[in-house]
Amino acid sequence: MAVAVLLVQLAIALAPGSAADIVANSEELRDGLTEHWGLDDPFLTRYFRFISELTQGNLGESLTYRAGEPVLSLVARSAPSTMFLVFAALIASISSTFCLAWLTAGKKSISRTMLRTVSVMPVFLAAYLAMVVADSWAFHNTLEVGIQPPEWFPLLLNDSSVKITIAVIVLGLGSSAGSEIHSNIETSIIEIRSSGYIDAARARGARLWPHTLRNIAAPLAALTASRVPYFLGGVIVVEKVLHLNGVGSMLWEACRMRDFPLALGITVLSAAVVCAARLFADLTRVLIDPRLRGTN
Amino acid sequence: MWLMSLLSSYDVASDVNVAIISQPPSPEHLLGTDKLGRDVALRMLHATQAFVGPGILAALVALMIGLSTGAIAGWYGGHVASGLRLMTTSLASIPRFVLLLLASSIYGRDLTTLGIAAGIAYSPTLSEAVYARIVTFRDSGFVLAAKAHGLSSLRILTYHILWSNCKELIWRNILALFGFFLLIETTLSCIGGFGVQEPDPSWGNMIGIGDLQIGANTGNPLATWAPVLAIWLVLTAVAAARGTSVEANR
């Protein structure tokens, strides 16, 4: 029990830690704000006001993106689609690379090199190229009857399932996410397969995969949590390139319009998501691994 | 030298020549010309300035912050370590890309700012890696021997631990940071609004997603595909270099 409580406390301790980052951010933000809106409160006053408002669940109001609208309601409206993208990409990339790693761990395999070569493609390029391909594919039939496709991307205009599928795949594998996750999973599979309890299981003729799967769950949960910040960053790019509505493109526009309350609010919320993911990973580890539950 | 003089004599703004729009490769223009009649090969070369210098700056900043915090936390342990690590983990809980967007929105979109911000955003990763490595070494035999010889802790830390045992680790992280900076710079310049903007060339804005015109470069597809290939090649090379140094370390 002792270890479990310690782990949870450590994970919760990260949350005020990310609030301390708001100090740094709002200190920087303040220069811009005083310049633009003539706000001249001392820095600490502003900081403590922000924190006290934050504890009451109030993130302030948007200044330029949608003037006067509360940040929280703006984010709440477009958060579901963004979180869907992030979670779908997490599940897709972890499960597909896990299946591949299960087959290739400890072997020489061409698929490893192939995965590395493909997934090194930056997210924005991969999304763009996938869009070009999907677009020419969609207009394949119209070309046959002699109708030229328009010069912009017609697929960009609607929130089609094609676009969302592209977004999920690109986000899950692009910017070397695919090869990094794959090599991480491979390392832990090799570690587990060379351990004593697998030898023991083999010696008594038991099936090996239940033992391997149960032991890989904890590192897998930690890996998933560690990828969350990368995917939260990548979703901004994906939404921007594919013209999807969501928190990511909202953050980009907020930054461009120097709408700092909105940008800061989204930053705080994304840090909260990252902390929640870490907490979840720690709890999963305790749930799966009885050794972490302590002795008393 | 020839390359330097070629680059310094090239004027990014006045190269526009409407008479030779979107021409395929020729001896005068090795990679052809783009939709404004500018030489693609020269712009490709010129665009390396957008990430090489700032990438090195980012590496220096990350080394300064990440190495010092990681080494101090690992060496002294205790309250110092928990304080420093609380700082780095809380910085790491904000996605890097979000940090960079905020930084370029607040301090302007010049590349020096982006380089420094990328260095700061990457430093938690480096700090964490160095910390984990030093903790395993702190109580090892060779450190005890060095202490017994009366060496100062600064010398043990910098030479015996960081230089002799963490070189590979640091080098791998620097390579990763360089790839990360190229990625960030091209992403920002490509989507538009941040990063390098026209007429200054960057491999990102040469692809030209911003105007959403696939047909814009139809006369010379190389104007779009050359920067795409260049980005992919450099990132593959960086990943391969990291991979080989991982294998050398095992």
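In what follows, chains carry the letters A, B, and so on, assigned in the order in which the sequence lines appear, proteins first and then strands, with residues in each chain numbered from 1. These numbers were taken from a predicted model, which means no experiment stands behind them.
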Do [X] and [Y] have side-chain heavy atoms sitting under 4.5 Å apart?
X	Y	value
B:Thr186	A:Phe124	yes
B:Val98	A:Leu232	no
B:Thr187	A:Val123	no
A:Leu125	B:Trp232	no

Most heavy-atom pairs under 4.5 angstrom with chain B, which of A:Gly233, A:Gly234, A:Gly248?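 Ranked by heavy-atom pairs under 4.5 Å with chain B, first place is A:Gly233.
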
Which residues pass the side-chain contact (heavy atoms from CB on, under 4.5 Å) test with A:Phe87, not counting sequence neighbours?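 If we apply the side-chain contact (heavy atoms from CB on, under 4.5 Å) test to A:Phe87, skipping adjacent residues, the hits are A:Met83, A:Leu90.
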
Residues 50-68 of chain B, side-chain donor-acceptor partners within the protein, below 3.5 Å, at least two apart:
{"residue": "B:Ser68", "atom": "OG", "partner": "B:Met64", "partner atom": "O", "Å": "2.6"}
{"residue": "B:Ser68", "atom": "OG", "partner": "B:Ile65", "partner atom": "O", "Å": "3.1"}

If you tally heavy-atom pairs under 4.5 Å between each of B:Leu188, B:Leu101, B:Thr236, B:Val238 and chain A, the highest tally belongs to B:Leu101

Given heavy-atom pairs under 4.5 angstrom as the criterion, report whether the side chain, backbone, both or neither of A:Phe231 touches chain B. neither

Calculate, to the nearest 0.5 Å, the distance between atoms CD1 and CE belonging to B:Ile231 and A:Met121 respectively. 8.0 Å

